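Model, not experiment: these values are computed from the prediction. These values consider heavy atoms only, across backbone and side chains, with no hydrogens, waters or symmetry-generated copies.
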Amino acid sequence: MGFVHPDKSDLFISYAHENNEPLFDGADRWVSRLHQTLRNSLAGKIGRSEDFEIWKDERLRGNVPLTEQLEGRVRETAAILIVLSPSYMTSVWCRRELGRFLEAEVGRRKGPSTSIFVVEFDQAERPPDLADLLGYRFWAERENGKTRTLGKPRLDASESLYFERLDDLTVDLVKELRRQRGAAAATDGPAPMPVAAPPRPPGGGATVYLAEATDDVDEERDEVRRFLVQFGYEVLPQSLYPRDNAEVYRAAAAADVARCDLFVQILGEFPGKRLPGSEGSLVGLQHECGIQLGKPVLQWRHPDVDLGAVRRKAPAYEPLLNGPTVIVEDMQKFKEIIHGTLVGLKAPKPTPKKQQLGRDRLVFVNADPADRGLAEALGEELLRREIGYVLPLLCDQPADLRQDLEQNIRECDALMLVFGKSEPLWVRSQLMLARKMAARREDPLSVIGIYEGPPAPKSEDMVGVRLPNIKMVYLDCTDRPDGAQIDRFLEAFESRAEA
């Protein structure tokens, strides 16, 4: 009995006969094993296995022509699963199965199909009809550059990557079947077996743009995608973009980025390919879309990436790996940061409190270690005005430094950046971090002071950052802390707090 329609199949598995042949006696028939594990996985999310129907022709042998019965099954199935491989690409009858399904889809819906699921049995060139669809990679690359199919010759419980891919496939397939079931109920009347609506996901309606990644970090990107889906977040893009023109790709990416609440990017060791008509890489092009549309950005790279080697091989790419929004942590920590950021972005914003600087108020005086002395002198000037201050932690543990920095930005009542011996890049990175942390604060950070100290004259143009809804106060103190300049900063804070 079908889940979408009682008398029709929910899923048709289209595959080449060669991909289901066991390598030796006792080895798995790979497609049959996929059929079994997928059925069990779907049963855990839809209900009993009797509540849906997966069709796979067990009798199909080699290049046997499509029978009338089989052709009818292909045309009427709710969704089709393509087991893509070089053998599939050379099979005339497999391609005809796909063609029959696509013909039926044209009559059923407008726009791109969401009913085609591509399981990659091995690395294979895709036909044009499947070029823009996201796939489920059931193969992995070995150290020697060759590939192996997951779960072959025999699937066992230790093949964790196989089950991760299976879970991805199941979640997306259930979503599509529920969509079609709802559409059928609206057209044909109530479904014969009502299924309770799934509980509202904890994601709260947030949408994440998870940028396309290079091959060396595909697994990390898949891990983040699974995490987001499990928390109920919508993940874009839902299909691959055209790659024959950079401007067409940029327009498609920008349309998706515009819909998202957060831009997330997994950065690998290599910049990736360039698209025709583009001077930069595909990775950089997507990042530009996120920045230009003003989206909060979170990026990740592995702590073991050798930035020196990247600088030698791809000097234009190295700044992206070392930018202010790049988080260099283990993957679990990065996922926690993503979730925390999204919760902050979607949480109801509290009514800003009216603030007045005075006793029990705290200014975070953020300074590079080279400007520590200047920061301490500035702190003493604040203390004379009965205003507390906190300086950055002094230690050699990057994780502790990062945690302390983020906590200070989150908890302080005002932020002051000391721009003395430090480079403009340091000031820019701190401003970008303050922007990123804004979603985690109870009250908005409305004023940031930039304390311009020795050794050389500074200017606003050297920093080159402007943030909406935040007033930037530049304090010209070339020799030592200037009380009048500090008072000007505090007055600006008080006026913004009272507004």
> side chain to side chain donor-acceptor pair (under 3.5 Å) with Arg154: which residues, sequence neighbours excluded?
Replying inline: none

>> Suppose the criterion is ring-ring contact (aromatic ring centres under 6.0 Å, His included): which pairs have a residue in residues 242-290, not counting sequence neighbours?
In response: Tyr209-Phe263, Tyr241-Tyr249

> Can you list the residues that meet the side chain to side chain donor-acceptor pair (under 3.5 Å) rule with Arg33, with sequence neighbours excluded?
Replying inline: Asp28, Gln36

>> Can you pull out every salt bridge (charged side-chain N to carboxylate O under 4.0 Å, His left out) where at least one residue sits in residues 394-406? Sequence neighbours excluded, please.
In response: Arg402-Glu406, Glu406-Arg440

> Can you name the residues that form a salt bridge (charged side-chain N to carboxylate O under 4.0 Å, His left out) with Glu223, not counting sequence neighbours?
Replying inline: Lys335

>> Going by salt bridge (charged side-chain N to carboxylate O under 4.0 Å, His left out), name the residues that satisfy it together with Glu234, two or more places apart in sequence or in a different chain.
In response: Arg259

> Mind checking what makes salt bridge (charged side-chain N to carboxylate O under 4.0 Å, His left out) contact with Arg165, not counting sequence neighbours?
Replying inline: Asp222

> Please, which pairs that meet salt bridge (charged side-chain N to carboxylate O under 4.0 Å, His left out) have at least one residue in residues 272-294, sequence neighbours excluded?
Replying inline: Arg250-Glu288

> With Pro424, which residues qualify under side-chain contact (heavy atoms from CB on, under 4.5 Å), at least two apart?
Replying inline: Phe419, Met462

>> Which residues pass the side chain to side chain donor-acceptor pair (under 3.5 Å) test with Thr37, not counting sequence neighbours?
In response: Tyr162

>> Run the side chain to side chain donor-acceptor pair (under 3.5 Å) test against Ser281 and tell me which residues pass, sequence neighbours left out.
In response: none

> Nearest heavy-atom pair of Asp10 and Ala78: which atoms, and what distance?
Replying inline: O-CB, 3.4 Å

>> Can you confirm if the aromatic rings of Trp139 and Phe121 lie within a centre distance of less than 6.0 Å?
In response: no

> Is the closest side-chain heavy-atom distance between Tyr88 and Val83 below 4.5 Å?
Replying inline: no

> What residues, two or more places apart in sequence or in another chain, satisfy salt bridge (charged side-chain N to carboxylate O under 4.0 Å, His left out) together with Glu411?
Replying inline: none

> Is a side-chain donor or acceptor of Arg301 paired with a backbone partner of Leu267 at a separation under 3.5 angstrom?
Replying inline: no

